[in-house]
Amino acid sequence: MSEETKNTVAEEAEAQEKPKTEKKEKKSKKDAEIEKVKAELEDKNDLLLRTAAEFDNYKKRTDRERAGIAEFAKANVIKELLPILDNIDRAALLEDKTSPDYIKGIELIVKQFEGLAEKLGIKEVAKVGDSFDPNCHEAVMHVEDENFGENVIAEVLQKGFKIGDTVIRPAMVKVAN
């Protein structure tokens, strides 16, 4: 074989090996890239699962705290009511319910309740002469009375109360005109 033929054969053999090597390099680059993407996906999935678990724990913790705060608030209100209930019990034990001392005691109990209501921020929502508001008042009677304007409270049949903007109990009222 001539030198030229040998070179040509060698070049051809080299040319055939080159695509195989390039294919292997391309394949290994793709494999490496796939592995990298898989690893990133696993990291993101793990992060997502941890975040979901953390959020679930946060919700449970805040629910427990909220329930604890509500229970604490109830206990404080009841603690404030106990002295008033004690005075009502004492008044119930008295035999002479017509004596001036008994009447004065009942008036003091009412003042204790009013003081507690003020301390808790509870306000009365209806007075005679106020405009009727269906959000705070419940009209149970309607009367024609020239002394009052239209949609004005003529009589409060049962007091209503609210804390801030929250109506605890609407007032039952008689509305004029």
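Atom set for the values below is all heavy atoms of this structure, side chains included, hydrogens, waters and symmetry mates excluded. All values derive from a computational prediction rather than experimental measurement.
- The stretch residues 84-105 participates, sequence neighbours left out, in no salt bridge (Lys or Arg N to Asp or Glu O under 4.0 Å) pair at all.
- Taking CD1 from Ile84 and CD from Glu114, the interatomic distance works out to 10.5 Å, rounded to the nearest 0.5 Å.
- In plain terms, the two heavy atoms of Ala126 and Val173 that are nearest each other are CB-CG1, 4.0 Å.
- Among residues at least two apart or in separate chains, salt bridge (Lys or Arg N to Asp or Glu O under 4.0 Å) pairs with a member in residues 68-80 are Glu80-Lys119.
- A salt bridge does not link Lys59 to Asp63: none of the charged side-chain nitrogens sits closer than 4.0 Å to a carboxylate oxygen.
- Checked against side-chain hydrogen bond (donor to acceptor under 3.5 Å, both in side chains), Glu124 has no partners two or more places apart in sequence or in another chain.
- Asn177 places a side-chain N or O within 3.5 Å of a backbone atom of Gly149 that can act as its donor or acceptor partner.
- The OG1 atom of Thr62 sits 8.5 Å away from atom CZ of Arg64, with the distance rounded to the nearest 0.5 Å.
- In this structure, Leu85 is a member of the same hydrophobic cluster as Ile78, with clusters built from ILVMFWY side-chain heavy atoms closer than 4.5 Å.
- Residues Val125 and Leu157 do not share a hydrophobic cluster, clusters being chains of Ile/Leu/Val/Met/Phe/Trp/Tyr side chains in contact below 4.5 Å.
- Both Ile163 and Leu81 sit in one connected hydrophobic cluster of ILVMFWY residues. Membership requires side-chain heavy atoms under 4.5 Å apart, directly or through other members.
- What you find for Ala171 and Gly160 is that their closest heavy atoms are CB-N, 3.4 Å.
- Hydrophobic clustering, with ILVMFWY side chains joined whenever heavy atoms are under 4.5 angstrom apart, keeps Val110 apart from Leu116.
- Within the 4.5 Å cutoff, no side-chain heavy atoms of Val175 are placed close to those of Val143.
- With a 4.5 Å cut-off on side-chain heavy atoms, Ile153 and Phe148 do not count as touching.
- When side chains are defined from C-beta on, Ile122 does not count as touching Glu118, because their heavy atoms never get closer than 4.5 Å.
- For the ring-ring contact (aromatic ring centres under 6.0 Å, His included) test, residues two or more places apart in sequence or in another chain that qualify with Phe132 are His137.
- Residues Ile69 and Val77 do not share a hydrophobic cluster, defined by chaining ILVMFWY side chains whose heavy atoms lie under 4.5 Å apart.
- Residue pairs that meet the salt bridge (Lys or Arg N to Asp or Glu O under 4.0 Å) test with at least one member in residues 167-177, sequence neighbours left out, are Glu155-Lys174.
- More than 12 heavy atoms of other residues, nucleotides or ligands lie within 6.0 Å of CG in Asn57, so this atom counts as buried by the packing criterion.
- Residues Val140 and Glu138 are in side-chain contact: their nearest non-hydrogen atoms beyond the backbone lie under 4.5 Å apart.
- With rounding to the nearest 0.5 angstrom, the CG atom of Asp56 is 12.5 Å from the OG1 atom of Thr51.
- Summarising the geometry, atom CD belonging to Glu35 is positioned 15.0 Å from atom NZ belonging to Lys30; distances are rounded to the nearest 0.5 Å.
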List the atom pairs, donor and acceptor, that lie under 3.5 Å between side-chain atoms in residues 36-43 and the rest of the protein, sequence neighbours left out.
none

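- The side-chain heavy atoms of Phe113 and Ile88, taken from C-beta on, include a pair separated by under 4.5 Å.
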